[in-house]
Every structure is written in structure tokens, then in C-alpha cells.
Trainee: 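Starting off with a structure, shown below.
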Amino acid sequence: MAVILGIDLGTSNVKAMLLDSDRGIISSASRGYDVDIPQIGWAEQSPELWWRRILECLAELKAGFRKDFDAVAAIGFASQMHGLVMLGRDGRPLYPAVIWLDQRAAAEAAEIESVYPPEKTAELFRNSVPVGFALPSLLWMKRNRPEIYLKIDKIMLPKDYIRFRLTGLAGCEYSDASASAAFSMPDKNWAFDLLERLDIDSSMFPPLSGSSMVAGTVTKGAAAETGLCEGIPVVHGSGDQQAQSIGNGAVKEGIVTSNIGTSGQVAAFSGSGIYDPQLRTHTFCHAADNAYSVFGAILCGGISLKWLKNGILRTSASYEQLISSAAEVTPGSGGVIFLPYLTGERTPHMDPAASGMFFGLKLGHEQNTLCRAVMEGVVLSLNDSLVILKEIGVKPDRLIAAGGGTASPLWLQMQADIFNTEIEICTTPEQSCMGACIVAGSGTGIFSSIEEACSRHVKYSEKTYSPNPVNAELYAEQFLKYRKLYENNKELMHT
């Protein structure tokens with residue numbers, strides 16, 4: 001028996017979990033925070049706020065489970081990906097973290113993609129260079145905040161900063177690095193030639209390692225702050241998408257996950273690193289050794305419903321009440337179609353200028369119609385990803401729903417109907433935290449392998465959701481209209 005601490009640094013909150021290697025989940029704690037929007041198109045968060053919220057989670061776990069907390073034998077991480085954290089020589093952040101939602105660096109992203117011919121870019125990255133990735137944001141800082149840029153000693157991705165606070169050591173790992181636009185996939189190293197061509201000092205990029213490798217141990221100072229014991233091994237961890245796939249047991253080919261969280265992804269495990277030649281999807285290194293995560297990503301998943309509730313309807317109704325009202329509306333939302341491109345979009349458009357849209361509004365439509373249309377629009381957007389994955393050779397044997405969207409039977413049935421496939425549900429709570437624990441356990445020898453840990457701790461519901469043939473046909477027609485809305489309005493969106 002051993003106790004593992006997993007920390008999931010998300011976009012809306014941070015979660016911490018204690019996992020007993022034999023008994024399973026002991027407990028978890030969560031604290032929320034907001035995304036700062038200093039101006040339209042920008043998205044930032046305070047690294048110090050992340051750290052304070054983590055301390056609160058750890059204090060809660062220690063207060064409630066002192067014996068288990070004091071027995072923690074390994075620490076792992078999952079984290080929101082792509083964001084840029086810049087530290088000075090004193091190890092303090094020089095500027096708020098520029099996170100994945102940020103759209104300010106469109107010109108810089110285009111410049112990075114223009115450095116090499118398209119075929120060379122595809123070979124190097126296996127991805128396009130979306131706005132919101134760390135390298136375009138760093139290049140934007142160089143051009144627009146040179147007084148900050150010149151003070152940078154090290155750049156990090158979000159979880160790397162938290163690990164740095166625990167261990168005092170700077171580092172990064174392959175899964176997050178491959179999602180930075182500064183990583184050479186064939187070499188599994190930083191793209192030093194690209195950095196040189198962009199006149200960016202490569203010495204600010206920390207050393208790289210595998211996700212399950214031990215990065216360091218909890219320092220005396222960090223132990224005093226966190227209540228953890230000094231000397232606990234801390235593994236590098238991974239991006240939240242890769243950790244979540246492990247928390248869902250998607251560790252072999254044929255298993256596809258559909259995640260609705262703040263954002264959304266449809267992801268497949270791959271042993272070969274296949275990628276879309278048109279670069280509409282992402283292929284990143286997986287937390288599992290010598291494997292890859294191939295997925296499509298949408299920027300606004302559950303946050304679309306949050307935007308409707310708080311920003312448009314300004315209602316005190318709970319999400320449960322809104323979703324209940326949406327269930328009263330017939331599939332297809334009376335012809336209303338929602339494009340969830342509220343901060344631009346990645347898959348399949350890779351277009352920071354893409355805009356959100358309600359189409360087909362009539363006088364008879366009310367807020368419950370808008371709620372259902374938003375929920376359907378999120379799943380229609382995810383279906384864009386699933387279609388492309390199938391085009392490039394992914395063959396789904398099982399499709400597992402993940403993320404906060406699994407709390408809604410309506411959203412689960414929508415996925416079955418729109419994807420036109422059976423949906424399974426992983427009942428393991430806090431799947432990204434679970435993935436972080438499993439990676440930490442496998443890296444420190446607590447588990448013999450990631451696969452062995454998944455077989456022991458990942459559970460599924462006996463209930464599945466099957467497509468309704470009538471609804472599936474209706475949504476197939478609606479999906480064609482959904483796609484045309486972007487195609488027919490792209491030019492207007494860009495003006």
C-alpha cells in the first residue's frame with residue numbers, strides 16, 4: 001500500500017486527490033478561480049493564485065486525512081496545456097500566465113508557420129501553430145513587451161511552475177512540450193533551429209524528460225508551505241488531456257474519449273503518432289512512454305454554457321435547472337444552431353478570427369431553446385473532430401464520455417445521437433487527477449505499469465447511451481448545416 005497525491009491544474013479550478021494504491025481514492029479537494037480578460041482576445045491567470053489555491057486544497061486534505069496525507073509517497077500532475085509562464089532570475093513570475101484561451105498572438109503564430117515550407121512544418125510539429133500556444137505568446141512578448149522579455153530567465157508551462165515551487169528545479173516533459181509549438185516531434189526535443197531563426201534565446205527553455213520520470217523531491221521550504229513531508233519524489237506529470245485519457249483507461253488503440261470540460265476534445269490513443277496532413281487536429285506525445293495522443297480540440301465546451309448563463313441570460317438558475325429546461329425542447333432546437341466559436345476555434349478551422357453564432361432564431365424561441373442549442377452546438381463541434389480522426393485512420397472500438405459533461409444525461413444522449421455510436425461512461429471521479437496519480441505511481445514503482453494501474457482503478461458504468469435512429473438522422477442533416485455556417489460566413493468573421 002502507498003498513498004499518491006495527484007494535482008490537476010485546470011482552467012477553472014485546481015483539484016488535488018489522495019489515492020491509495022490498493023484501496024482507491026481516499027478523498028479530493030477543489031478550489032476555483034476565474035480567467036482574467038484584460039481586453040477582448042486576451043486571457044491570463046496568476047501563477048501565484050494557482051499556488052495559493054493548491055495550498056488551500058492541500059490544507060483541506062491534511063485536515064481531513066492527516067494519516068494518509070503524511071504517508072504520501074509520490075506526487076504527480078495534470079494541467080491545462082499550452083500556457084506561457086515567464087520567470088525572472090529570482091524564480092518569480094514576471095507577468096501573468098498567458099493561457100491557452102489567449103488570442104493576441106495571431107500574427108506571431110502565422111510567422112512561426114511561415115518559417116518553413118508547409119511540409120517541413122508538418123514534419124516538425126505534426127500540428128499547426130495555433131494562437132494560444134506558448135511559443136507564439138512568447139514571440140508576442142518579445143515584440144510587444146520587450147522590457148518583460150529581456151528579464152526572462154526560464155519559461156514554463158502551467159504545471160511546470162507548480163512543480164518548480166515544490167522541487168526548486170526547472171523542467172518540462174514531452175506531452176506539454178509537444179503542445180508548445182517549440183518542440184521537434186521527430187527529435188523529441190526543443191526545436192532549436194526554429195528558435196534560432198526566430199532569434200529567441202533557447203537557454204530559457206528548461207530540460208525535457210518523460211512524464212513519469214522523477215523531476216525532484218519536495219524541498220524543505222515547500223514542505224513548510226504545503227504541509228507535505230520533505231523529500232517526497234515528484235514526477236514531471238503531463239498535460240490534462242493525456243492524464244484524462246489515462247484516467248479513462250484509454251491506454252490502447254481503439255479507445256476514443258469525448259471530453260466536455262471548460263473546453264472539449266475527442267481523443268484517441270496511438271502507438272504510431274499518426275497525424276492529419278491538413279493539420280486540423282493535434283498529435284502530441286502521450287504520458288505513456290513511446291505513445292501519442294491524437295485529438296481534435298474545441299476552445300469553448302462547457303464554458304459556452306457558462307457564458308450563456310452568466311453573460312447573456314444573467315440568470316440565478318443553476319446549471320441543472322438550465323439543462324432540465326433544455327431537455328424540454330425537442331432535438332434540433334427548433335432549427336436554432338449554435339457555433340461555439342466564442343474565442344476563435346481550433347479543430348477543424350484553426351482560426352482565431354472564427355466567431356460564435358446563433359442561427360435560425362424566431363420569435364417563438366425562448367431561453368430553453370438557446371440552452372439546448374448551445375449544448376448541441378458543443379457536440380456538433382466535437383463531431384467535427386471525430387469525423388477527421390476517422391478520416392486519418394482512427395478506428396474507434398469504444399467511445400468513452402469524459403469530463404464534467406458526464407454529469408448530464410442530456411449531453412450524454414446528444415453525444416450518442418450526434419456521433420451515432422454507443423457512449424460508455426467512466427465512473428472514476430476526477431479523471432485527470434486519477435491520471436496524474438497513475439503516472440506518478442508508475443514512475444516511482446508503486447505500480448508496475450500504467451496499464452496495470454488502470455485495470456485496478458478505472459471503473460465504468462453498466463449504463464450506456466445508444467443513438468436514437470430518428471435523432472441521429474436529424475442531427476446528420478443539422479451537422480451539414482452547421483458546417484456550412486462557418487464556410488459561408490468565414491469572410492465576414494475575418495472582417
Side-chain angles (χ1 to χ4, degrees), residues 5-16 31 33-36 43-58 75-102 132-135 137-138 141 148-149 151-180 182-183 190 203-209 211 213-219 221-223 225-226 228 232 234-240 242-243 287 432-433 436 439-440:
L5 171 65
I7 297 173
D8 175 23
L9 181 68
T11 307
S12 303
N13 54 45
V14 63
K15 299 170 185 175
R31 292 292 187 277
Y33 36 73
D34 293 322
V35 175
D36 298 324
E44 300 174 349
Q45 287 180 327
S46 164
E48 291 302 313
L49 178 60
W50 293 338
W51 180 246
R52 291 199 301 272
R53 293 293 182 263
I54 288 171
L55 294 181
E56 292 170 11
C57 289
L58 298 182
I75 301 173
F77 300 94
S79 173
Q80 56 168 294
M81 301 174 73
H82 318 304
L84 174 67
V85 180
M86 297 163 283
L87 302 186
R89 291 186 179 277
D90 60 358
R92 297 179 182 273
L94 295 166
Y95 191 86
V98 182
I99 68 168
W100 59 274
L101 276 168
D102 195 277
F133 276 30
L135 185 58
S137 297
L138 179 63
M141 296 297 297
I148 300 294
Y149 178 84
K151 295 178 182 178
I152 297 174
D153 180 57
K154 284 288 181 287
I155 70 156
M156 295 181 179
L157 294 151
K159 73 172 188 320
D160 301 331
Y161 174 72
I162 303 304
R163 194 181 59 248
F164 172 74
R165 291 296 296 262
L166 284 175
T167 66
L169 300 173
C172 189
E173 48 75 43
Y174 300 136
S175 74
D176 244 352
S178 62
S180 67
F183 183 82
W190 298 116
S203 68
M204 52 175 85
F205 288 75
L208 288 166
S209 187
S211 298
M213 299 296 291
V214 174
T217 60
V218 174
T219 65
E225 276 196 272
T226 62
L228 292 162
I232 300 171
V234 181
V235 304
H236 280 276
S238 73
D240 53 3
Q242 293 89 337
S432 290
C433 270
V439 170

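Below, all heavy atoms of this structure are taken into account, side chains as well, without hydrogens, waters or symmetry copies. Bear in mind the structure is a predicted one, so any value in this text is a computation, not a measurement.
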Trainee: OG/Ser46 to CG/Asp36 distance, rounded to the nearest 0.5 angstrom?
Mentor: 8.0 Å
Trainee: Side chain to side chain contact (heavy atoms under 4.5 Å, CB included), that's the test. Do Phe164 and Val85 meet it? Break it down for me.
Mentor: CA-CA 12 Å; Phe164 172 74; Val85 180; over 6 Å; no
Trainee: Show your reasoning for whether side chain to side chain contact (heavy atoms under 4.5 Å, CB included) applies to Asp240 and Ser432.
Mentor: CA-CA 6 Å; Asp240 53 3; Ser432 290; 4.2 Å; yes
Trainee: Walk me through it: do Val35 and Gln45 pass the test side chain to side chain contact (heavy atoms under 4.5 Å, CB included)?
Mentor: CA-CA 6 Å; Val35 175; Gln45 287 180 327; 3.6 Å; yes
Trainee: State the CD1-NE2 distance between Ile99 and His82, to the nearest 0.5 angstrom.
Mentor: 11.0 Å
Trainee: More than 12 heavy atoms of other residues, nucleotides or ligands under 6.0 Å from CE of Met213: is that the case?
Mentor: no
Trainee: Mind telling me whether Trp190 and Phe183 have parallel, tilted or perpendicular rings, with 30° and 60° as the class edges?
Mentor: perpendicular
Trainee: Give me the one residue out of Thr219, Thr217, Ile54, Thr226 that meets side-chain contact (heavy atoms from CB on, under 4.5 Å) with Leu166.
Mentor: Thr226
Trainee: Might you point out which heavy atoms bring Ala43 and Leu101 nearest each other, and give the distance in Å?
Mentor: CB-CB, 3.6 Å
Trainee: Using a 4.5 Å cut-off on heavy atoms from C-beta on, say whether the side chain of Ser79 contacts that of Asp8.
Mentor: no
Trainee: Roughly how far, to the nearest 0.5 Å, is the CH2 atom of Trp51 from the CG atom of Leu9?
Mentor: 11.5 Å
Trainee: Please find the pair of heavy atoms, one from Pro96 and one from Met86, that lie closest to each other, and give the distance.
Mentor: O-CE, 4.4 Å
Trainee: Are Glu225 and Arg52 ion-paired here, with the side-chain N under 4.0 Å from a carboxylate O?
Mentor: no
Trainee: Run the numbers on Glu48 and Tyr161 for side chain to side chain donor-acceptor pair (under 3.5 Å), then give the verdict.
Mentor: CA-CA 10 Å; Glu48 291 302 313; Tyr161 174 72; 2.3 Å; yes
Trainee: Search all heavy atoms of Tyr149 against all heavy atoms of Met141 and return the closest pair with its distance.
Mentor: CB-O, 4.0 Å
Trainee: Are Thr167 and Val218 side-chain neighbours, meaning at least one heavy-atom pair lies under 4.5 Å?
Mentor: no
Trainee: Decide yes or no on salt bridge (charged side-chain N to carboxylate O under 4.0 Å, His left out) for Glu173 and Arg163, but give the supporting numbers first.
Mentor: CA-CA 12 Å; Glu173 48 75 43; Arg163 194 181 59 248; over 6 Å; no
Trainee: If I take atom CZ from residue Arg31 and atom CG from residue Leu58, how far apart are they, to the nearest 0.5 angstrom?
Mentor: 10.0 Å
Trainee: Between Val14 and Cys57, does the side chain to side chain contact (heavy atoms under 4.5 Å, CB included) criterion hold? Intermediate values first, please.
Mentor: CA-CA 8 Å; Val14 63; Cys57 289; 4.0 Å; yes
Trainee: Would you mind reporting whether His236 and Tyr174 have side-chain heavy atoms less than 4.5 Å apart?
Mentor: no
Trainee: Which heavy atom of Ser137 sits nearest to which heavy atom of Val98, and what is that distance?
Mentor: OG-CG1, 3.6 Å
Trainee: Decide yes or no for Met204 and Leu138: does some side-chain heavy atom of the first lie under 4.5 Å from some side-chain heavy atom of the second?
Mentor: yes
Trainee: So do Ile162 and Trp50 actually touch side chain to side chain, heavy atoms under 4.5 Å?
Mentor: yes
Trainee: Could you tell me which non-hydrogen atom of Cys433 sits nearest to which non-hydrogen atom of Gly6, and how far apart they are?
Mentor: SG-O, 3.7 Å
Trainee: Any non-hydrogen side-chain atom of Val234 less than 4.5 Å from a side-chain atom of Phe77?
Mentor: yes
Trainee: For the residue pair Leu157 and Gly83, what are the closest heavy atoms and their distance?
Mentor: CD2-O, 3.1 Å
Trainee: Working to the nearest 0.5 angstrom, can you tell me the gap between Asp153 CG and Leu94 CG?
Mentor: 9.0 Å
Trainee: Does Tyr33 reach the main-chain N or O of Asn13 with its side chain, forming a donor-acceptor pair under 3.5 Å?
Mentor: yes
Trainee: Any side-chain heavy-atom pair from Ser180 and Leu135 closer than 4.5 angstrom?
Mentor: no
